Amino acid sequence: MKICMIGTGYVGLVSGVCFADLGNDVTCIDKDLKKIDKLKNGKIPIYEPGLQELVVKNHKVGRLKFSTNLKESVRKSDIIFICVGTPTKKNSSAADLTQVYNVAKEISNSISKFKIIITKSTVPVTTGDEIESILSKKKQKKLFAVVSNPEFLREGDAIRDFTYPDRIIIGTNDKRANKTLRNLYSPLISKGAKYINTSRRAAELIKYASNAFLATKITFINEIANLCEKININVEDISIGMGFDKRIGSRFLRAGPAYGGSCFPKDTKAITATGDKFKINLSLIKTVIKSNENRSHLLLKRVYEILNGQIKNKKICFLGVTFKANTDDMRDSSSLIMIPSLIKKGAKIKYYDPTGLKNDFLKYRNIEYSKDIKSALLNSDLVIIHTEWNDFKSINFKNLIKKSNFKIFDMRNIYSASKMKKANIKYFGVGI
Ligand SMILES: NC(=O)c1ccc[n+]([C@@H]2O[C@H](COP(=O)([O-])OP(=O)(O)OC[C@H]3O[C@@H](n4cnc5c(N)ncnc54)[C@H](O)[C@@H]3O)[C@@H](O)[C@H]2O)c1
């Protein structure tokens, strides 16, 4: 099939490449010329395991193209996916749909035969209705079907998640579009993915409800971890004990820093804004948002306690600063709250991240990027394990820090507290 992906970010690029790998003819469009040039030269603008190989392979055989020419690509394609950003509006909790509606307007100028136009971007309920009305201003309704097909991939596991999804949600009552999309996804359906055809509005809400539920699960175990810390229980035991209950499940039930990333923070806010719009108070999700926003401050308080309130001139090393492992995404990472706050209190920060230096910290003094774990750790008073990269899982801290009395605050509980105690290392975890 001839597919056009509009927006070549985490979602557009990964799904575009995967569709090409399934044998389709895909053009990935972006308005960012530099990004497109890089991709044409086999350079990947984001960190995503396995992506480079797939891009190069499919580009080479001509199934995957990159372009900034939206008009031409839309004209040549049968299926058009909108994958642009839907960030939070300034001074509001609602999603900013400017990018989506701009794309809809651009598409409306280029339709001359039947096209399936699909939102893969996460968009609030009734956005599909709005896109339809934008298109109808220029074209007859019989020339297009507007479908919602939310994406559930996770950064860091994006290719696997796209290739082996639990479910594929298709929101449309257009029979022709549904048939074409079932065909498009048939290689994934035959590998066990559940194909669910529902209404467009339901598809839009399924995505937000899913993300809000997962964010709630993380926040729930984070609050239980706070309780565990006071009563000498290891929260890991609670996660294991709860997780084996099939009604609960073990995933997204690990205590850690505040949830971050490009989805949960903005999507939890956006669904409460939708609730408010329809005069429904989604009070549980509002509480989750507050609890999560408070979490970074709680963990900072813990850092002060660990350092006995003496932050000034303390050498603090962060291992990992992105919002989770296996991604370079800094959006809404809790390190963006914790590091500036520690700098303000006089700490000297060094950090190492497998995905490299982060521009977000360039504006601060007293923070230094280290090019490897060894130089980051040297002479630290406190090591904060902020993300759970495999690279951080078997470090010989004593050998590398070369200083006595250092402390470790493992925000991901990747080390065993009892082993650390035996090794005479002052170790602190989350919820233990
Ligand atoms: N990142 C994830 O893990 C993830 C997972 C599921 C769903 N989503 C959703 O998918 C959407 C995209 O997320 P992302 O993380 O890929 O965003 P992103 O910021 O990485 O990429 C969006 C891209 O769209 C491009 N763009 C914007 N306007 C354009 C236009 N008019 N023409 C062409 N290109 C344009 C931007 O230049 C950018 O490269 C969001 O709604 C997000 O919530 C993201």
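Note that ligands are numbered from 1 as they come in the structure, with each ligand's atoms numbered from 1 the same way. Everything quoted here is computed from the prediction, not taken from an experiment. No hydrogens, no waters, no symmetry mates; every other heavy atom, side chains included, goes into these values.
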Under-4.0 Å salt bridge between [X] and [Y]:
X      : Y      : value
Lys43  : Asp37  : no
Asp329 : Arg331 : yes
Lys90  : Asp96  : no
Asp360 : Lys358 : no
Lys76  : Glu72  : yes
Asp174 : Lys141 : no

Could you tell me, atom by atom, which parts of ligand 1 come under 4.0 Å of a heavy atom of [X]?
X      : value
Glu106 : 31 (N)
Gly7   : 23 (C), 24 (O), 25 (C), 34 (N)
Ser262 : 1 (N), 2 (C)
Glu155 : 1 (N), 2 (C), 3 (O)
Lys35  : 38 (C), 39 (O)
Lys266 : 42 (C), 43 (O)
Cys83  : 12 (C), 22 (C)

In terms of residue, atom name and distance, what is the protein heavy atom nearest to [atom]?
atom                    : answer
atom 25 (C) of ligand 1 : Asp30 OD2, 3.2 Å
atom 44 (C) of ligand 1 : Val11 CG2, 3.2 Å
atom 35 (C) of ligand 1 : Val84 CG1, 3.6 Å
atom 21 (O) of ligand 1 : Gly9 CA, 3.2 Å
atom 41 (O) of ligand 1 : Thr86 OG1, 2.6 Å
atom 5 (C) of ligand 1  : Leu153 O, 3.5 Å
atom 34 (N) of ligand 1 : Lys31 N, 3.3 Å
atom 19 (O) of ligand 1 : Arg331 NH1, 3.5 Å

Side chain or backbone of [X] under 4.0 Å from ligand 1, or both, or neither, by non-hydrogen atoms?
X      : result
Arg154 : neither
Met5   : neither
Gln99  : side chain
Pro150 : neither

Under a 3.5 Å threshold, yes or no: a donor from one side chain and an acceptor from the other, between [X] and [Y]?
X      : Y      : value
His386 : Ser334 : yes
Asp328 : Tyr10  : yes
Ser375 : Asp372 : yes

>> Checking Phe144 against Ile80 for the side chain to side chain contact (heavy atoms under 4.5 Å, CB included) test, could you report, in this order, the C-alpha distance in whole Å, the side-chain angles of both residues, the deciding distance, and whether it holds?
In response: CA-CA 10 Å; Phe144 60 85; Ile80 294 135; over 6 Å; no
> To the nearest 0.5 Å, how far apart are NZ in Lys35 and OG1 in Thr8?
Replying inline: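 One finds 7.0 Å between NZ of Lys35 and OG1 of Thr8.
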> How are the rings of Phe252 and Phe264 set to each other: parallel, tilted or perpendicular (split at 30° and 60°)?
Replying inline: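 Phe252 and Phe264: tilted rings.
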> Think Lys191 forms a cation-pi with Tyr164, using NZ or CZ under 6.0 Å from the six-ring centre and within 45 degrees of its axis?
Replying inline: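 Yes.
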> At a 4.0 Å cut-off, with the gap strictly under it, does some heavy atom of Val103 reach an atom of ligand 1?
Replying inline: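 Yes, that is the case, since the closest heavy atom of the residue is under 4.0 Å from the ligand.
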>> So, regarding Thr122 and ligand 1 (criterion: nitrogen or oxygen to nitrogen or oxygen, under 3.5 Å), is there a contact or not?
In response: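 Yes, Thr122 has an N/O under 3.5 Å of an N/O on ligand 1.
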